[in-house]
Amino acid sequence: MPSVTELMQLLTPTGHRITVASRARTPEPDAPPAAPPDRPADTPPTPGRPTPGRPTPGHPKAGPDAGPPSGELTAVDIDLPAYVADLTDDELFGLYRDMVLVRRMDEEATSLQRQGELGLWASLRGQEAAQVGSGRALGPDDMAFPSYREHGVAWCRGVDPAAVLAIFRGVNLGGWDPATHGFALYSIVVGSQTLHAAGYAMGMTWDRSAGAAIVYFGDGASSEGDVNEAFGWASVFSVPLVFFCQNNQWAISEPTRRQSRTEIFHRAAGFGFPSVRVDGNDVLACLAVSRWALAIARAGRGPVLVEAVTYRMGAHTTADDPTRYRSPVELEVWRRRDPLDRMRAHLAARGLLGEERDRHLALEADTFAHELRARCTAMLDPDPTSLFDHVQVTENGLVAEQRSAFAATLDPGDGGTDDRLDREDRPGTGDRPGTEDRLGVRNGLGVKGGLVAGETHVPGETQLPGEAW
Amino acid sequence: MTSGAVITGEQPAEVGGERTGEPATPVPITLAKALNLGLRSAMAADPKVIVMGEDVGTLGGVFRVTDGLQKEFGEARVIDTPLAESAIIGTAIGLAMRGYRPVCEIQFDGFVYPAFDQIVSQLAKLHYRSGGRIRLPVTIRIPFGGGIGAVEHHSESPEAYFCHTAGLKVVACSHPVDAHQMIQQAIRSDDPVIFLEPKRRYWEKAVVDPRPLGEVSPDGTTGLHSSAVVRAGTDATLVGYGPTVRTCLDAAEVSAADDGRSLEVVDLRSLSPLDLEPVLASVRRTGRLVVVHEAPSNVSVSAEVAARVAEQAFYSLEAPVLRVTGFDTPYPPARLEDHYLPDVDRILDAVDRSFGY
Ligand SMILES: Cc1ncc(C[n+]2csc(CCOP(=O)(O)OP(=O)(O)O)c2C)c(N)n1
Ligand SMILES: [Mg+2]
């Protein structure tokens, strides 16, 4: 069986060396965070970050307390393998299972869109490792801020995949509770979520939260003012925030070089915080780097930028035609770096992917996709009068007037006011507490943090004995 | 200009004849294509005209309105910009100060807000601040409105924000013939123009005279800031703009067939400044007015129209000015948008109510 170090080398292809930007230019690590405006006078200013919620696995020298290194560090220098040394065989398999199921969800959603069941779909194909690797690095106290493509992170945070589909079906605008899942709503206005994350993380400091925030954005988003403002803000207030940029090479039709003349991860240096570039198609490397970055954030040492180099294998969305702007040759190059194939090869080399286990996972994915499809197609349109709900917390007279005038025009069968009481029982229009397991497939066991062992769950089938795997 | 060669289309030419375009080719083209032809003519006529925006070059824009322009005019004049709306408008201001005429595309209505400061505090005010020394002939094209089943932020109607801002002109096209002319007129304007394109009407076709504006008439056949009666009628007046002009025409059709009513339809075309003469003239004849738009009603274009008509044609009104608009809620999820958008039924209900007074 290969050692963990060999494992990292195996999974890190040449040309995508993991490097760490110089931390010599980073600010004082323990700069005190700003006091909240309403902090009681007797509360001392927080000198640094509280004890991390989860012990940093592995090598002590690799932790955030290591002295500031100079120059560009390699993966070996920051000892990334130490950050994944604690993984059991089942957890390793679990990462693969996550990626398989998330890809399957993506494929099912794409076909549902083609059949008119979804209005649109933004595929994550090719980015499974970046999302599962970082998503599984998060703990229950952490908060993730997604863009609109983070279906894999949603999965890791225990969000019902049907709730994700509901948004793209046009049934609602955000069907999960951010606080329950530690997963904010999708943010379509590119880059906007980075500022929300910076503010949230600032509050985490003031509240002495054991967690950190992570915010997902793309190579294209890195050009937005909001993102650059978030970099500066997070840096000067030293907030516990990991900026996780999935550089998937494209922003619709524009290549990354239209957004940035330098590597995206190099930008952090100018703002005064550390950054790392990671092979985004290597799930273990992404997990390790995210754990490393989160540990720095949780320890009160301020933000970190992670650039995960990956590729958007599909169209921008189902409305896009990528043949107009990129070559099949490029696609082929990246197909050979497929994150699932790579993890599969690694598991096989370690003897963790027996025929039986593989067969069982395939069966689980089939069942999962089948149930997801059924739940998606069964989703009813929301009650029409619900469009007047929650415009604001307090009653608004104008909206109330419009609601009653509108309700009066509805036929009873139209889902008018008569149906309103039933609305909560309509299937699949959101994920409410206790609904995570409706799929029969457990995504993170319905919890929002940490790794899961890779047992597969197929309803109606008894679990296979461990040794058969 | 060889537009005849690139025009394709199978549908018959639109009948109706209210529009002013003289068909020079019998082949109908889409509104998107009409804009494309107008942009080409404007670029060919003036080397200072440049097109900039996200995905406007290689891709030709997400709605293909700029299709082929980069091939024809090069990367220096058709610029795929970084993903930064504030920068698109801010740099357009700088380019305009150097004598360029930037035509900026904002990919969707909901993404104009990151550029809000550059539009309302910079673009709109520099002429005033400079005592007239600075002119900023910037056109900002924005596909607007709903009805395409899109995800959030892709169906908004932000016009009122811009109409409320002194220094900006705001126009909305509703028909391929107008789209072709108005985009060229907007680009010629020495004032900044917010140019709203009804995205759910991009695929509607009509026969368009493809000749550049300068050849047809030096000032265009209809001024950029005149409204137009697009269907004559005697019993009540409907006013719409952008996507709701078609809805109003459909409503007039149904009303004539079902109720025997003759509804006049006015296309506002220009939202700021407003040209209310045709509306007032119409109301003086019909006595009844219904204003229709997708944007919410609160402090909206219809509010302005209603106020001014009440001021200037009070004794002609047989009924209060009524409005059919989007609700004062955020734009709802796609599965509910048909309830949100003004449709023929809601317009005719309002017409009935007007007759009930
Ligand atoms: C402020 C804003 N401008 C434009 C858009 C339209 N748009 C949606 S996604 C996208 C490209 C985003 O690229 P990137 O940040 O690299 O993320 P990716 O789609 O590759 O995941 C654009 C231009 C938007 N959603 N928000
Ligand atoms: Mg991208």
Side-chain angles (χ1 to χ4, degrees), chain A residues 119-120 122 148 166-174 186 188-192 218-228 251-255 258-260 316-317 319-322 324-326 379-391 396 398-399 401-403 406 409-410 414, chain B residues 53-64 67 70 75 79-88 90 107-108 110-115 117-118 146 148-155 296-299 325-340 343 345-346 349 353:
Chain A
L120 186 83
Y148 42 80
I167 298 172
F168 290 91
R169 188 174 166 88
V171 163
N172 61 41
L173 303 176
Y186 276 3
I188 289 175
V189 181
V190 162
S192 55
D219 44 290
S222 73
S223 289
E224 287 284 4
D226 279 3
V227 175
N228 289 274
I252 310 187
S253 72
E254 299 187 7
R258 178 45 46 108
Q259 314 294 342
S260 190
H316 170 67
T317 65
D320 175 42
D321 172 15
R324 288 178 75 104
Y325 53 81
R326 68 184 191 185
M379 278 181 208
L380 300 179
D381 288 355
D383 169 4
T385 58
S386 71
L387 78 85
F388 298 94
D389 292 348
H390 309 303
V391 173
N396 176 312
L398 178 59
V399 176
E401 230 172 75
Q402 290 176 355
R403 178 211 290 270
F406 172 74
T409 67
L410 293 175
D414 218 358
Chain B
E54 293 154 13
D55 307 289
V56 298
T58 316
L59 185 65
V62 294
F63 291 107
R64 307 294 184 262
D67 195 21
Q70 191 179 65
E75 285 183 34
I79 304 160
D80 271 329
T81 66
L83 210 180
E85 291 76 14
S86 182
I88 292 171
Q107 199 163 77
F108 282 90
F111 309 137
V112 69
Y113 307 120
D117 168 68
Q118 289 294 342
I148 62 163
V151 292
E152 218 182 347
H153 312 293
H154 291 70
S155 305
S297 65
N298 198 30
V299 198
T325 69
F327 299 116
D328 286 276
T329 69
Y331 198 86
R335 294 268 173 161
L336 295 181
E337 73 178 339
D338 287 346
H339 294 288
Y340 179 90
D343 59 8
D345 282 346
R346 277 173 67 195
D349 279 353
R353 274 189 288 133

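Residue numbering restarts at 1 for every chain, and letters A, B, ... go by the order of the sequence lines.
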Nearest 0.5 Å, what's the [atom1]-[atom2] distance between [X] and [Y]?
| X | Y | atom1 | atom2 | answer |
| --- | --- | --- | --- | --- |
| B:His339 | A:Asp383 | NE2 | CG | 8.5 Å |
| A:Ser192 | B:Tyr113 | OG | OH | 13.5 Å |
| B:Tyr340 | A:Phe388 | OH | CZ | 9.5 Å |
| A:Thr409 | B:Asp349 | OG1 | CG | 7.5 Å |
| A:Gln402 | B:Asn298 | CD | CG | 8.5 Å |
| A:Tyr325 | B:Asp80 | OH | CG | 11.5 Å |

[options]: which one forms the most heavy-atom pairs within less than 4.5 Å of chain B?
| options | result |
| --- | --- |
| A:Asn396, A:Leu120, A:Val189, A:Ile167 | A:Val189 |
| A:Gly218, A:Ser222, A:Gly220 | A:Gly220 |
| A:Gly119, A:Ser260, A:Gly170 | A:Gly170 |

Taking C-beta and beyond as the side chain, do [X] and [Y] meet within less than 4.5 Å on heavy atoms?
| X | Y | result |
| --- | --- | --- |
| B:Phe327 | A:Val399 | no |
| A:Ile252 | B:Gln107 | yes |
| A:Val391 | B:Pro330 | yes |
| B:Glu54 | A:Ser253 | no |
| A:Arg324 | B:Arg64 | yes |

Residue B:Tyr331 versus chain A: region with a heavy atom under 4.5 Å: backbone
Chain A contact via B:Glu337 - which portion, at a heavy-atom distance below 4.5 Å: neither
Where is the tightest heavy-atom contact between [X] and [Y], given as atom of each residue plus distance?
| X | Y | value |
| --- | --- | --- |
| A:Glu254 | B:Thr81 | OE1-O, 2.6 Å |
| A:Leu387 | B:Pro332 | CB-CB, 4.0 Å |
| B:Arg335 | A:Val171 | CG-N, 4.0 Å |
| B:Pro82 | A:Ser223 | CB-OG, 3.6 Å |
| B:Leu83 | A:Ala251 | CD1-CB, 4.5 Å |

Option in B:Asp338, B:Val62, B:Asp328, B:Asp345 with maximal non-hydrogen atom pairs under 4.5 Å from chain A: B:Asp328
Interchain contact, [X] with chain B, by part (heavy-atom threshold 4.5 Å):
| X | result |
| --- | --- |
| A:Ala221 | backbone |
| A:Val190 | side chain |
| A:Tyr148 | neither |

Short side-chain to backbone donor-acceptor contact, B:Glu152 and A:Ile188, under 3.5 Å: no
